Amino acid sequence: MKNIFFDLDDTLFDFKKAESVALSKTLKELGVKPTDKIIARYSELNISQWKRLELGEISRAEVKVNRYRLLFDELGLDLSPKKATSLYEEYLKIGHYFIENAENVIKNLYKKYDLYIVSNGAKAVQDSRIASSGIEKYFKGIFISEVIGCEKPAKEFFDCCFSHIDCFKKEDTVIVGDSLSSDIKGGINSGIKTIWFNPKELPNHTNIIPDFEIKSLEQVDLIVNKI
């Protein structure tokens, strides 16, 4: 194997923690107490909207606004979803949180393989977080769906990534990601090997079957060596 594609959020970066911090700051600025229940509900709504985006049902812009519109409607709050979105993204840009051992894993892998980031996140947010983390130097390329113009798991997203890699071969490539519907399905759609990062050992109730499953990022090197 030569190329390893890494998802970013909840694979290398702890997005749930970043989301909670940014959302808490956003709600406070809007005059809403950020309770655990509200944060948990927002996360559910956010995930459901991103799933709709992956299915091509709504646009990225609609994802950003819908999650707050739905949340505020449920809470009976007369607040602007657009303002909330703007505040949230500014707070989300600030800093980063690594998944356990992610930084060390990347440092070791980049000596042996060509590493790439493939993300459906917003470009401005991801650029800022990648810069603050200092990991850009370990990656041969960073592919953001907002720039490419389509989202994982679309084959077109991966085809675009492949076209930017010299002497690319699918049989030399694997993707590592936490999302079955985005990363693993995308890898399957595009004909590359897949490694599902599943640290909580959640059951897979879908028909999306990864080639490999891991609970720790340290397992990536061992598995890639065996492929």
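Along the sequence shown, residues are numbered consecutively beginning with 1. Side chains included, hydrogens not; waters and symmetry mates left out as well; all remaining heavy atoms used. Owing to the predicted nature of the structure, the values given are computational and were not obtained by experimental measurement.
For an aromatic pair to be called close, the ring centres must be under 6.0 Å apart, and Y42 with Y88 satisfies this. Aromatic rings of F98 and F13 (six-membered ring for Trp) have centroids within the 6.0 Å cut-off, being under it. For F5 and Y116, the gap between ring centers is short of 6.0 Å.
Distance alone, capped at 3.5 Å, is enough to place a donor-acceptor pair between the T11 side chain and the D178 backbone. Checking side-chain atoms of T194 against main-chain N and O of D211 turns up a donor-acceptor pair under 3.5 Å. Side chain of S132 to backbone of R129: a donor-acceptor contact under 3.5 angstrom is found. Not a single donor-acceptor pair under 3.5 Å links the side chain of S216 to the backbone N or O of Q219. Under the 3.5 Å distance criterion, the side-chain polar atoms of D183 are matched with a main-chain donor or acceptor of S179. Checking side-chain atoms of N198 against main-chain N and O of I214 turns up no donor-acceptor pair under 3.5 Å. For S20 (side chain) and K17 (main-chain N/O), no donor-acceptor pair under 3.5 Å exists by modelled atom type. S43 places no side-chain N or O within donor-acceptor distance of the main-chain N or O of A40, the cut-off being under 3.5 Å. Side chain of N120 to main chain of K152: a donor-acceptor pair is present (N/O by atom type, distance under 3.5 Å, no hydrogens or angles). For the pair E62 (side chain) and S59 (backbone), a donor-acceptor distance under 3.5 Å is present.
No more than 12 heavy atoms of other residues, nucleotides or ligands lie within 6.0 Å of CG in D36, so this atom counts as exposed by the packing criterion. At most 12 heavy atoms of other shown residues, nucleotides or ligands fall within 6.0 angstrom of atom CD in E136. Annotation: K170, atom NZ; neighbour count of heavy atoms from other residues, nucleotides and ligands within 6.0 Å is above 12. The neighbour count for K226 NZ, taken as heavy atoms of other residues, nucleotides or ligands under 6.0 Å away, does not exceed 12. Annotation: K185, atom NZ; neighbour count of heavy atoms from other residues, nucleotides and ligands within 6.0 Å does not exceed 12.
Inter-residue side-chain proximity for Y138 and K107 is flagged as met; some heavy-atom pair is nearer than 4.5 Å. Within the 4.5 Å cutoff, the side chain of N204 has heavy atoms near those of the P210 side chain. With contacts defined as side-chain heavy-atom distances shorter than 4.5 Å, the pair V220/F212 does not qualify. In this structure the side chain of I39 reaches within 4.5 angstrom of the side chain of S24, judged on heavy atoms.
Residues I117 and L8 approach most closely at CD1-CD1, 4.1 Å, considering heavy atoms. When all heavy atoms are compared, the tightest approach of T26 to A84 is CG2-O, 3.6 Å. Nearest approach of R60 to W50, heavy atoms of both residues: NH1-CH2, 3.4 Å. Of all the heavy atoms in C160 and S163, the pair that sits closest is O-OG, 2.6 Å. Residues L92 and F15 share a closest heavy-atom pair of CD2-CE1, 3.9 Å. Nearest approach of C161 to I148, heavy atoms of both residues: SG-CD1, 3.9 Å.
Under 3.5 Å, the side chains of D9 and Q126 contain a donor-acceptor pair of N or O atoms. For the residue pair K51 and S181, a side-chain donor N or O sits within less than 3.5 Å of a side-chain acceptor on the partner. For the residue pair T85/R67, the side-chain donor-acceptor check at 3.5 Å is not satisfied.
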Chi angles and distances behind the salt bridge (Lys or Arg N to Asp or Glu O under 4.0 Å) call for E201, K215: CA-CA 7 Å; E201 298 183 278; K215 63 177 294 185; 3.3 Å; yes
Check against salt bridge (Lys or Arg N to Asp or Glu O under 4.0 Å), E90 and K93: CA-CA 5 Å; E90 288 304 312; K93 290 178 186 177; 3.0 Å; yes
Salt bridge (Lys or Arg N to Asp or Glu O under 4.0 Å) between K193 and E171, worked out: CA-CA 8 Å; K193 295 293 185 182; E171 58 267 29; over 6 Å; no
side-chain contact (heavy atoms from CB on, under 4.5 Å) evaluation trace for L45 with E74: CA-CA 11 Å; L45 293 170; E74 287 186 9; 4.1 Å; yes
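Ring geometry for F162 against F158 counts as tilted: the plane angle lies between 30° and 60°, on a 0 to 90° scale.
Only one option out of I175, L109, I142 pairs with F6 in a side chain to side chain contact (heavy atoms under 4.5 Å, CB included); it is L109.
A continuous path of ILVMFWY side-chain contacts below 4.5 Å connects I144 to L115, so both sit in one hydrophobic cluster. Connection of F197 to Y110 is established within a shared hydrophobic cluster, with ILVMFWY side chains joined at heavy-atom distances below 4.5 Å, either directly or through further cluster members.
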